[in-house]
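So the structure is just underneath, and the comments pick up after that.
Chain identifiers are assigned alphabetically (A, B, ...) following the order of the sequence lines, protein sequences preceding nucleic acid strands; residue numbering begins at 1 within each chain.
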Amino acid sequence: VTRIVAHPHSIEVRFVAARPIPQFLVSPSFHDVFAEHAAFVLRVVRRLGVPPADVEDVAQEVFMIVHRKLGSYDGTSTLRTWLFGIARRVARDHRNKAHVRREQPQAKVCAGALRATQQLDFEERELRERLDRALDELDEDKRAVFVLFEMEGIAMNEVAAMLDCPLFTAYSRLREARARVRAALADMEGTEP
Amino acid sequence: MTKHPTEWSTPDGAPPRAVQRAIERAARDDGSPEQVARLGAELARRLGVPSLSAMESARESIGSPRWSVGKSTLLRFGAVLGMSVAGVWAWSANVRTPVGPTFRAPPAAAPVQRDLSPVVEPLHEATPVPVPDPPHPAARARTVRAARGAEKPQASEEDSLAREAALMTRAHAQLRRDPAAALATTGEHQRLYPRGALTQEREAVAVAALRALRRDDEARSRERELERAFPGSPYLSAPGSSAQGNSQAGEQTPR
């Protein structure tokens, strides 16, 4: 069997040769941006403090801006970083509006009356609400680091780039955010599914 | 010992269990396929576009808000995965050896559907696949925790399959333009569904992404794990190829 071992450089050469640089690399289409990043935008605006009932409206505003400005995206930052910047601003504006309503906490249910799966769901929802409240207590920068690193799983150097801050600062914010979140959920530690 | 800044100040460096469960819950709830579909429909209406193909295809691939059980579900997943498999295969073939017939023909729908069966080969029990994002050591501990909670009856099977398919659709879409993002998405899938029905597809995307990022050693080792866990997988190159000749990698140039 003839085995072809690909060398990193030749992969690049072959890749480029096999696929001429497509137009979408230079200027991604709105459809592609939506298909790839819609879920990311929805998650991020929710986690940056937009109430669940408003998340889709806010994400719509984000994509309307994306639709208008996509032509000016110059590729100096990653598309995800660019989108995050827009999403963050729109989420912030929304939060600052006086009329934004807070979600009412769900009525307390007697946990003992729930079946096992319901109880699991109940516990998880409570954990999520506690996490949201803990995030609400953080300032926006610390919240963003926690959301991007812990919840989105984005590498720290990219997080720092997305927030336009030094890596050390990002780590420091992460440490403080974790401490606050951990303290807020400390009394739920005993709950094991 | 001083912990790495990405690790939590817990004995094992992983997030406390309560925090981890809250984050896992958020991962299941936020940005759901149903939300994406609604958002796409509303945007199409606002922009006055009668047919937005990418949005339509996104909606199609992630399915209707409620997934019906049975044949139609399987057929739908079969179609989506068939396209994904063909796409991954084509991509991998291009990145790897565009001139050599190293990759087999794309699989037909039948072997893909076989992967949808609830019986999943114990890829992660026997041979834990490394977490694809080394700068994120906390994720490693998370994977273990996610595996622990994976068998809980948290959601019906078809719901989790829908979510897995949505994640894989996203990873595949990212592969061409942003392999690092695709790799992160496979990491997300691995955390959420360590023994998911689409494990094989995830590993194939991860291997392709690692190759595109020129992380060849990791790609090879991950492909070996894939080969070990899924012998005869349609995603593999020639039989035994990844396990063989690795010592030659980087020394030989393709012809």
Pick whichever of B/Ala27, B/Gly31, B/Ala26, B/Ala181 has the most heavy-atom pairs under 4.5 Å with chain A. B/Ala26
Plane angle bin for A/Phe30 and A/Phe34 - parallel if under 30°, tilted between 30 and 60°, otherwise perpendicular: tilted
If you tally heavy-atom pairs under 4.5 Å against chain A, which of B/Arg46, B/Glu42, B/Arg170 wins? B/Arg46
Is A/Phe146 in contact with chain B via its backbone, its side chain, both, or neither, using a 4.5 Å heavy-atom distance? side chain
Do A/Thr169 and A/Ser172 pair up side chain to side chain, a donor and an acceptor below 3.5 Å, judged on atom types alone? no
Heavy-atom cut-off 4.5 Å, strictly under: side chain, backbone, both or neither for A/Arg46 against chain B? side chain
Counting only non-hydrogen atoms closer than 4.5 Å, does B/Asp178 touch chain A with its backbone (N, CA, C, O), its side chain (CB onward), both, or neither? neither
Portion of A/Val45 that has a non-hydrogen atom of chain B nearer than 4.5 angstrom: neither
Can you check whether B/Ser9 reaches A/Arg178 side chain to side chain, under 4.5 Å on heavy atoms? no
Would one find more than 12 heavy atoms of other residues, nucleotides or ligands at under 6.0 Å from atom CG of A/Asp164? no
Portion of A/Leu185 that has a non-hydrogen atom of chain B nearer than 4.5 angstrom: both
A/Glu56 side chain to A/Gln60 side chain, donor-acceptor N/O pair below 3.5 angstrom: no
According to the interplanar angle, ranging from 0 to 90°, do the rings of A/Trp82 and A/Tyr73 count as parallel (below 30°), tilted (30 to 60°) or perpendicular (above 60°)? tilted
Measuring only between side-chain heavy atoms, which start at C-beta, is A/Met64 closer than 4.5 Å to B/Leu47? yes
Checking A/His37 against chain B: side chain, backbone, both or neither under 4.5 Å from a heavy atom? neither
With a 4.5 angstrom heavy-atom cut-off, which part of A/Arg130 approaches chain B: side chain, backbone, both or neither? neither
